[in-house]
Structure formats: structure tokens, C-alpha cells
Trainee: 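Supplied in C-alpha cells, the structure appears directly below.
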Protein chains: 2
Amino acid sequence: MGLSHPHPDELQMATVLHALSDPQRLRIVRILAGDPAPRRCGSFDLDITKSTLTHHFRILREAGLIDQREEGTARLNSLRRGDLDRRFPGLLDAVLAGAPGPVAASV
Amino acid sequence: MGLSHPHPDELQMATVLHALSDPQRLRIVRILAGDPAPRRCGSFDLDITKSTLTHHFRILREAGLIDQREEGTARLNSLRRGDLDRRFPGLLDAVLAGAPGPVAASV
DNA sequence: TCGATAGTACGACGAGCATCGTACCACAAA
DNA sequence: TTTGTGGTACGATGCTCGTCGTACTATCGA
């Protein structure tokens with residue numbers, strides 16, 4: 001069975017914001033936004049174990065932020081940009097534009 | 001001593017998103033955004049106790065979302081719209097524009 | 001068939017959170 | 001001075017979260 005993804009109309013602002021409020025997940029979303037090509041879960045360089053990765057990807061998927069498609073033994077992740085932009089216009093852009101750290105990001 | 005507020009340059013995206021990811025706090029922010037006049041903590045009609053309210057206001061203040069100014073026995077809250085907009089352009093607008101619930105918000 | 005690779009499932013642990021109740025403080029009005 | 005009001009402080013409780021390790025499944029390639 002295909003992983004359950006929330007319908008675009010069911011996305012909750014609070015849930016989306018919560019999914020984005022973790023630094024690791026924020027990083028994942030940034031990476032996905034930086035390159036439109038779907039990515040394998042393992043292709044994100046995040047100093048955490050595989051099980052923790054799986055956990056974060058599930059949170060992102062269940063919040064409606066990413067789409068996970070099974071492809072052989074891998075799982076391809078992509079941002080649900082269209083759905084997000086339709087439901088919460090400007091939100092993703094604002095989050096992605098936000099400086100990753102303290103204002104020193106301009107270094 | 002005056003309540004400690006984070007400097008505009010120190011606002012963290014993840015912290016701000018976390019502060020906004022609670023339904024009660026989201027409601028508080030919406031109310032503050034709907035009326036520019038500073039509001040007393042007690043003037044929000046949120047079915048929670050006083051101590052819980054205090055807790056939420058502290059989270060919002062420490063994340064840099066609101067400004068709390070002491071005025072006699074009361075505490076006046078206002079949105080730090082300018083600081084937020086400068087640091088994370090478009091974020092607040094996108095969050096406030098977001099439907100409060102499932103898409104039925106268009107009722 | 002054997003081994004490597006990609007990822008999940010489950011259980012555990014420590015930390016933090018949302019909530020409450022009670023006690024308390026500061027100020028204002030009677 | 002007494003009473004009421006607006007809010008904090010502190011402790012408790014139950015839940016969720018982020019993280020890990022180990023065990024497992026499924027697929028692909030040699």
C-alpha cells in the first residue's frame with residue numbers, strides 16, 4: 001500500500017509549522033527546495049541515525065510537506081510545493097528565505 | 001527589571017515556528033494581529049487557566065514574537081511585527097493568512 | 001544464492017511541553 | 001486597611017518528542 005499522504009485540503013497550519021520547527025527537518029526541507037529532483041532518504045547529510053531519519057521523514061510526510069514515492073528499495077522524497085503554495089500562499093517561500101541561523105547567515 | 005526580549009538579530013526561524021505551532025498561541029497571535037492596540041493577557045478568550053496563559057505568553061515573548069510591557073498591574077502585549085517582517089519577510093503574513101482550520105474556513 | 005543496500009518497526013530513554021492547582025505579589029479602589 | 005484584580009512562581013502530571021540501538025524486510029547485483 002502506498003504511504004498515506006494528507007489531502008491538500010486537510011493540511012493544518014499548526015501541524016505544518018510544527019513539522020518545520022525542528023532544525024533537522026528544516027534542513028531537509030531546505031535541501032529539497034534547493035533541487036527539484038526527488039531525493040533518497042539517505043542522501044541528506046544529517047548527523048543522525050537511520051531510524052531518526054525515518055522518524056523525521058514520517059513527520060514531514062504526515063504534515064503534508066513532502067511526498068514519498070516508493071521506488072524499488074528506495075524512497076524518493078520531494079517537496080509538495082504546489083499543494084503548500086495553494087493552501088498557504090507564501091509560507092514556504094518565507095520559511096525558505098529565512099536565515100538558517102542567527103543573522104550572521106550573511107557571512 | 002524589564003522582561004527580557006530577544007534582539008531582532010537573534011530571532012531563530014525554528015524557535016519562531018515552534019512558538020507558532022501551538023493552536024492556542026496561534027490564536028493569540030491572530031488576535032494581536034487583528035487589532036494593533038496592545039492587549040492585556042486576560043483579554044484573550046481562550047478556555048485555559050491563568051497559569052497556562054502565562055506560560056504561552058512567555059514562549060511567545062522568548063521566541064521574539066510579542067513584546068510585553070508592564071503597565072501598572074497589567075502586562076500589555078503587542079506583536080513585534082516590524083522586527084519579524086524585517087528578519088523573516090512575509091512569514092507572519094503567510095501564517096496569518098493561513099486558514100485557521102481545515103479548508104472549510106471559506107464558510 | 002549470497003551479500004550489500006535502503007529503509008522500517010519496535011522498544012527504550014531523557015527532555016521538554018501543555019495543562020492544572022495552589023500560593024503568592026503588586027497595585028488600585030472602596 | 002481590606003478586598004478585588006492582573007498576573008507570576010512553583011510543583012505535579014501525563015503526554016509527546018528527538019534520539020538511539022537492534023532487529024527486521026525488501027530489493028538489487030554479482
Side-chain angles (χ1 to χ4, degrees), chain A residues 1-6 12-32 37-78 100, chain B residues 1-6 12-32 35 37-78:
Chain A
M1 40 86 246
L3 319 183
S4 81
H5 294 75
Q12 303 277 345
M13 175 64 87
T15 307
V16 167
L17 292 178
H18 171 252
L20 289 170
S21 73
D22 178 87
Q24 310 283 11
R25 294 195 291 262
L26 204 45
R27 207 163 306 155
I28 292 174
V29 169
R30 276 193 219 281
I31 293 174
L32 283 174
R39 270 184 129 79
R40 286 199 345 266
C41 292
S43 75
F44 298 77
D45 206 18
L46 303 182
D47 255 8
I48 51 182
T49 61
K50 287 199 301 177
S51 27
T52 305
L53 246 195
T54 296
H55 166 73
H56 284 312
F57 276 108
R58 191 181 47 220
I59 301 268
L60 287 172
R61 172 168 50 82
E62 291 179 350
L65 275 159
I66 66 172
D67 182 273
Q68 291 195 291
R69 188 172 54 263
E70 287 170 334
E71 184 113 347
T73 163
R75 195 164 277 199
L76 294 183
N77 305 277
S78 48
Chain B
M1 39 88 244
L3 318 183
S4 81
H5 294 76
Q12 303 277 345
M13 175 63 87
T15 307
V16 167
L17 292 178
H18 172 253
L20 289 170
S21 73
D22 179 87
Q24 309 282 12
R25 293 195 291 262
L26 203 45
R27 206 163 308 155
I28 292 174
V29 169
R30 275 193 220 281
I31 293 175
L32 282 174
D35 179 0
R39 269 183 130 78
R40 285 195 349 261
C41 293
S43 74
F44 298 77
D45 206 17
L46 302 183
D47 255 10
I48 51 182
T49 60
K50 288 199 300 177
S51 25
T52 305
L53 246 195
T54 297
H55 165 72
H56 285 312
F57 276 107
R58 191 181 49 221
I59 301 268
L60 287 172
R61 173 168 49 82
E62 291 179 349
L65 275 159
I66 66 172
D67 182 273
Q68 292 195 292
R69 188 171 54 264
E70 287 170 334
E71 184 113 347
T73 164
R75 194 164 277 199
L76 293 184
N77 305 277
S78 48

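Throughout, protein chains are lettered first and strands after them, A, B, ... in sequence-line order, and every chain is numbered starting at 1. Predicted, not measured: the structure shown is a model, and the values here were computed from it.
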Trainee: What heavy-atom pair brings B/Val16 and B/Leu65 nearest, and what distance separates the two atoms?
Mentor: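 Result for this residue pair: O-CD1, 4.0 Å.
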
Trainee: Measure from CD on B/Glu70 to P on D/dG7 and round the result to the nearest Å.
Mentor: 11 Å

Trainee: Return the value, rounded to whole Å, for the distance between atom CG of B/Asp22 and atom C1' of C/dT19.
Mentor: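 Those two atoms, CG and C1', are 11 Å apart.
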
Trainee: Would you mind listing every side chain to side chain donor-acceptor pair (under 3.5 Å) that reaches into residues 58-69 of chain B, with sequence neighbours excluded?
Mentor: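 Matches after skipping sequence neighbours: B/Arg61-B/Gln68, B/Gln68-B/Asn77.
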
Trainee: Between C/dG7, D/dG7, D/dT19, which nucleotide gets closest to the side-chain atoms of A/Cys41?
Mentor: C/dG7

Trainee: Identify which one of A/Leu32, A/Ile31, A/Leu26 satisfies the side-chain contact (heavy atoms from CB on, under 4.5 Å) criterion when paired with A/Ile28.
Mentor: A/Leu32

Trainee: For B/Leu53 and B/Cys41, which heavy atoms make the closest approach, and how far apart are they?
Mentor: CD1-O, 3.4 Å

Trainee: For B/Gln24 and C/dT19, is the shortest distance between a side-chain N/O and OP1 or OP2 below 4.0 Å?
Mentor: yes

Trainee: Please give, in whole Å, the distance from D/dC17 P to A/Arg25 CZ?
Mentor: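 So the CZ-P distance, A/Arg25 to D/dC17, works out to 8 Å.
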
Trainee: Identify, between A/His18 and B/Leu53, the residue whose nearest nucleotide on DNA chain D lies closer to the 5' end.
Mentor: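 It is B/Leu53, whose closest nucleotide lies nearer the 5' terminus.
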
Trainee: Tell me the interatomic distance from B/Leu60, atom CG, to D/dT8, atom P, rounded to whole angstroms.
Mentor: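 After rounding, the reported distance stands at 12 Å.
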
Trainee: Can you confirm whether A/Leu76 sits close enough to A/Arg39 that some side-chain heavy atom of one is under 4.5 Å from a side-chain heavy atom of the other?
Mentor: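 The answer is no; the side chains never approach within 4.5 Å.
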
Trainee: Kindly indicate whether the side chain of A/Phe44, heavy atoms from C-beta on, has any atom under 4.5 Å from the side chain of A/Arg27.
Mentor: no

Trainee: Keeping the roles fixed (side chain from B/Arg25, backbone from B/His56), state whether a donor-acceptor pair exists under 3.5 Å.
Mentor: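 No; judged by distance alone, with no hydrogens or angles, the pair does not exist.
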
Trainee: With a 4.0 Å cut-off on heavy atoms, is A/His56 in touch with a base, just the backbone sugar-phosphate, or nothing at all?
Mentor: sugar-phosphate

Trainee: OP1, OP2 of D/dA26 versus side-chain N and O of A/Arg75: anything below 4.0 Å?
Mentor: no

Trainee: Hey, what are the protein-to-nucleotides 26-30 of chain C N/O distances that come in under 3.5 Å?
Mentor:
none

Trainee: Rounding to a whole Å, what distance do you find between A/His55:NE2 and C/dA15:C1'?
Mentor: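 After rounding, the gap between these two atoms is 13 Å.
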
Trainee: Nearest whole angstrom, please: distance from the P of D/dA9 to the CZ of B/Arg58.
Mentor: 7 Å

Trainee: Near DNA chain C, counting only heavy atoms under 4.0 Å, which residues of residues 42-52 of chain A show up?
Mentor: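 Those residues whose heavy atoms fall under 4.0 Å from DNA chain C, taken from residues 42-52 of chain A in numerical order, are A/Gly42, A/Lys50, A/Ser51.
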
Trainee: Would one find more than 12 heavy atoms of other residues, nucleotides or ligands at under 6.0 Å from atom CG of B/Asp35?
Mentor: yes

Trainee: Using a heavy-atom cut-off of 4.0 Å across all strands, would you classify B/Arg40 as base, sugar-phosphate, or nothing?
Mentor: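 Since only primed, P, OP1 and OP2 atoms lie under 4.0 Å of B/Arg40, the category is sugar-phosphate.
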
Trainee: Between A/Asn77 (CG) and C/dT8 (C1'), how many Å, whole number?
Mentor: 14 Å

Trainee: When you compare the side chains of A/Thr52 and A/Thr49, does any donor N or O come within less than 3.5 Å of an acceptor on the partner?
Mentor: yes

Trainee: Starting at atom CD of A/Glu71, determine the distance to atom C1' of D/dC28, rounded to an integer number of angstrom.
Mentor: 13 Å

